[in-house]
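Let me begin by presenting the structure, written as structure tokens, before commenting on it.
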Amino acid sequence: MAISDVKEYAHLTPEDVEAIGAELDAIRREVESSLGEKDARYIRNVIRLQRGLEISGRAVLFASLFPPAWLAGVALLGTAKIIENMEIGHNVMHGQWDWMNDPEIHSTQWEWDNAGPAEHWKITHNFLHHKYTNVLGMDDDIGYGLLRVTRDQRWSPFYLGQPVYNLLLQMFFEYGVAIQHLELGKVAKKKWAPDSPERKQFEEDRRTVLKKIGKQAAKDYLIFPLLTGPAFLGTLTANLAANVVRNVWTNAVIFCGHFPDGAEKFTKFDCDNETQAEWYLRQMLGSANISGGPLMHFMTGNLSHQIEHHLYPDIPSNRLADIAVRVRALCEKYDLPYTTGSLPVQYAKSWRTIMKLSLPNKYLRRGTDDAPETKSEKVFGGESTIDPMTGKRRGLRTALAEGGRRLARRKQPAMAR
């Protein structure tokens with residue numbers, strides 16, 4: 001089954017699909033050709049703002065023995081960490097500012113202020129997540145190895161605890177990101193020889209992760225608290241609180257972009273041999289935006305424009321708001337979905353999915369063809385069928401996949417951007 005066979009795209013001809021791809025390519029070329037001093041000034045001002053907030057927060061924490069100073073320090077430092085994580089680190093490491101040829105903010109040089117090594121993140125996120133967005137078995141951001149967020153994932157008793165897992169993941173999200181590249185769940189099942197290349201690579205990656213975690217912990221929980229002398233304990237707890245604030249916010253923004261209703265999940269069958277234009281369509285179908293004003297967009301690192309970010313992950317974030325207007329118009333032109341909603345609504349839908357899918361399907365009121373969080377089953381399924389073995393209703397996509405049938409593809413694979 002291919003992305004062009006999705007029911008919501010059934011009204012499109014092959015020529016329509018390629019035309020959409022051509023229009024999206026044209027938007028890219030136009031934006032790239034117009035990048036200049038105004039954009040460079042934007043990111044430099046953001047970096048100055050972030051550093052000013054961090055310095056102010058750490059200065060205020062010299063008086064962290066006093067509750068008002070503690071709260072002010074947490075607010076300033078937490079805001080600085082969010083901006084560094086979202087609008088600077090995430091976007092710099094996507095290569096959005098490489099065109100400036102400034103070594104300070106080049107994707108090959110930046111190391112962000114959290115526990116995850118940049119070199120690992122650029123593999124798990126820039127390559128795997130963005131190329132295989134929401135593809136089960138390929139994109140580890142689907143549930144982060146802890147959560148069941150689509151009914152295409154087989155249920156096991158482990159998932160009963162996922163509301164608790166998600167709460168912990170929120171609070172310590174940077175550590176979840178840090179160990180994601182290690183794929184500990186898969187490694188536990190491996191039987192590598194002690195001197196095998198795979199074992200050596202894993203051990204090297206593990207050392208890199210532990211080194212980065214140790215560096216971050218020493219900075220936030222030892223060095224900076226010691227610098228404040230008598231306020232050591234207050235500064236330590238304030239740094240911990242600021243990190244939790246950053247972690248929870250980052251987790252919320254990311255989940256709102258990938259797990260609410262309308263953000264589809266896929267299997268490997270769905271993206272077999274897709275063209276560049278079909279890759280574009282999958283990004284649009286698998287992502288969701290967050291509505292809001294300029295402050296919301298800025299504090300999310302412009303990931304409130306998640307659809308546009310997934311279409312153009314290496315386009316500077318300050319351009320996504322303008323691009324969003326054009327992408328939405330394109331969706332309207334071709335009668336395509338454009339999923340968006342407020343942060344509270346999108347986040348509530350994500351939590352609802354996590355709560356519901358902690359249970360086996362047999363305890364859920366709705367089935368795979370009509371549950372709101374599994375709309376993709378209905379979209380891909382077309383007319384549902386009855387499984388002759390179980391007597392249960394199932395989508396056509398499931399039936400075709402189980403039967404091993406594939407639709408013939410017209411073109412060879414195209415590399416995703």
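Here the structure is a predicted model, which is why all the values come from computation and not from measurement.
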Do the side-chain N and O atoms of Gln96 and Asn91 include a donor-acceptor pair separated by under 3.5 angstrom? yes
Rounded to the nearest 0.5 Å, the CD atom of Glu30 sits from the CZ atom of Arg28 at a distance of 13.0 Å
Are any side-chain N or O atoms of Arg282 and backbone N or O atoms of Thr133, one a donor and one an acceptor, separated by less than 3.5 Å? yes
Is a donor on one side and an acceptor on the other found under 3.5 Å between the side chain of Arg148 and the backbone of Leu357? yes
Flag side-chain contact, heavy atom, 4.5 Å: Asn243 against Phe172: no
Glu183: partners by salt bridge (charged side-chain N to carboxylate O under 4.0 Å, His left out), with sequence neighbours left out: Lys186
side-chain contact (heavy atoms from CB on, under 4.5 Å) filter on Ile123, not counting sequence neighbours, yields His181
For Glu174, the salt bridge (charged side-chain N to carboxylate O under 4.0 Å, His left out) test, sequence neighbours excluded, returns Arg246
Quick one: does any side-chain atom of Trp97 pair with a main-chain N or O of Ala40 as donor and acceptor, under 3.5 Å? no
Between Glu87 and Asn302, is any side-chain donor less than 3.5 angstrom from a side-chain acceptor? yes
Walk me through whether Glu37 and Arg41 qualify under side-chain contact (heavy atoms from CB on, under 4.5 Å). CA-CA 6 Å; Glu37 181 56 33; Arg41 187 165 58 249; 3.7 Å; yes
Could you verify whether a donor N or O on one side chain and an acceptor N or O on the other, from Asp261 and Gln346, lie under 3.5 Å apart? no
Test side-chain hydrogen bond (donor to acceptor under 3.5 Å, both in side chains) on His94 and Asp314; report intermediate values, then the result. CA-CA 5 Å; His94 261 299; Asp314 55 352; over 6 Å; no
Could you check whether any side-chain N or O of Thr250 sits under 3.5 Å from a backbone N or O of Asn247, counting only pairs where one atom can act as donor and the other as acceptor? no
Taking the side chain as every heavy atom from C-beta outward, state whether Lys81 and Trp249 have any pair of such atoms under 4.5 Å apart. no
Below 6.0 angstrom between ring centroids: does that apply to His309 and His305? no
Do Gln153 side-chain atoms and Thr150 backbone N/O form a donor-acceptor pair below 3.5 Å? yes
Which residue in the set Tyr165, Phe173, Phe259 passes ring pair (Phe, Tyr, Trp, His ring centres under 6.0 Å) when paired with Tyr144? Phe173
d(Leu49 CG, Glu54 CD) to nearest 0.5 Å is 11.5 Å
